[in-house]
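Data first, discussion second: the structure below is written as structure tokens.
Keep in mind that the numbers below use all heavy atoms, side chains included, and drop hydrogens, waters and symmetry copies. Residue numbers run from 1 in the order of the sequence given.
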Amino acid sequence: MVTVLGSGDSLLRVIETAFPAADIHVRGNEISAVGDPREVAMVQRLFDEMMLVLRTGQPMTEDAVERSIAMLRASENGTNDGQETPAEVLTQNILSSRGRTIRPKTLNQKRYVDAIDKHTVVFGIGPAGTGKTYLAMAKAVQALQSKQVNRIILTRPAVEAGERLGFLPGTLYEKIDPYLRPLYDALHDMLDPDSIPKLMAAGRSRWRRWRT
């Protein structure tokens, strides 16, 4: 029950806050809910999804519970056309590296990852910090390790925000490095840092400059 309700009932408090019209009771190993029928049904679905995730050995966090609730509400409101469930989203492993597993955290991230699997070219558009670069790099490393590809090409626009690359100080590598830094950071998270120079030297990972 600690894994379901969270340490100090932290997960239970998130659920109670999200469903104020449902009165949730915990007695021993049993959880019951009474109140608004729609909210009670959604609470039941939420706990079912949480149990599916927990059975895979993955812990539930407050953030994961909040994301699961958002997905269930989207499904209830008809905005989740694919009808992906929280358990399907939260248990889709992309890459296990250095003691942790990289996986989608939201419905849109799962659809982004699925699109990468199905299409040759995928454009990810959205605000910064939503995982576009990080998940794309994870899929690239996954493909490299599974020998689906034999090289990763790191590429970013050479000109951004009205800048002209020729007027920036330093060598070509120093000029392009700030644009590739997010890619390098993600790569270092997913591979043994000592192996990256060897991959670069062997030509299995390289950068490419392109103009817009």
side-chain contact (heavy atoms from CB on, under 4.5 Å) between Asp189 and Met137, intermediate numbers included: CA-CA 10 Å; Asp189 278 353; Met137 181 60 75; over 6 Å; no
Stepwise side-chain contact (heavy atoms from CB on, under 4.5 Å) check, Phe47 with Ile15: CA-CA 10 Å; Phe47 278 111; Ile15 298 170; 3.7 Å; yes
side-chain contact (heavy atoms from CB on, under 4.5 Å) for Arg103 and Thr91? Distances and angles first, verdict last. CA-CA 7 Å; Arg103 56 174 63 91; Thr91 59; 5.8 Å; no
One pair to check against side-chain contact (heavy atoms from CB on, under 4.5 Å): Glu49 and Met71. What are the steps and the verdict? CA-CA 11 Å; Glu49 294 293 325; Met71 283 183 260; over 6 Å; no
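Between Lys132 and Tyr112, the shortest heavy-atom contact is O-OH, 2.9 Å. Of all heavy-atom pairs spanning Leu90 and Ala64, the tightest one is CD1-O, 4.1 Å.
At least one side-chain heavy atom of Ser68 sits under 4.5 Å from a side-chain heavy atom of Leu46. Here the side chains of His25 and Ile31 are not in contact, with every heavy-atom distance at 4.5 Å or above. Using a 4.5 Å heavy-atom cutoff, the side chains of Gln58 and Thr101 are not in contact.
Judged by distance alone, the side chain of Arg67 and the main-chain N or O of Thr106 form no donor-acceptor pair under 3.5 Å. In this structure, Lys110 contributes its side chain and Glu88 its backbone to no donor-acceptor pair below 3.5 Å. For Gln109 (side chain) and Thr130 (main-chain N/O), a donor-acceptor pair under 3.5 Å exists by modelled atom type. The main-chain N or O of Glu39 is found under 3.5 Å from a side-chain atom of Asp36 such that the two form a donor-acceptor pair. No side-chain donor-acceptor contact under 3.5 Å links Arg27 to the backbone of Ser32.
Both Val14 and Val4 sit in one connected hydrophobic cluster of ILVMFWY residues. Membership requires side-chain heavy atoms under 4.5 Å apart, directly or through other members. Leu52 and Val43 fall into different hydrophobic clusters, where Ile, Leu, Val, Met, Phe, Trp and Tyr side chains are chained together by heavy-atom contacts under 4.5 Å. Met50 and Val40 end up in different hydrophobic clusters when Ile, Leu, Val, Met, Phe, Trp and Tyr side chains are linked at under 4.5 Å. Linking Ile, Leu, Val, Met, Phe, Trp and Tyr whenever their side-chain heavy atoms come within less than 4.5 Å puts Val149 and Ile94 in one cluster.
Counting heavy-atom neighbours within 6.0 Å of Asn29 CG, excluding the residue itself, gives a total of 12 or less.
Considering CG of Leu11 and CG of Asp63, their distance stands at 11.0 Å, rounded to 0.5 Å.
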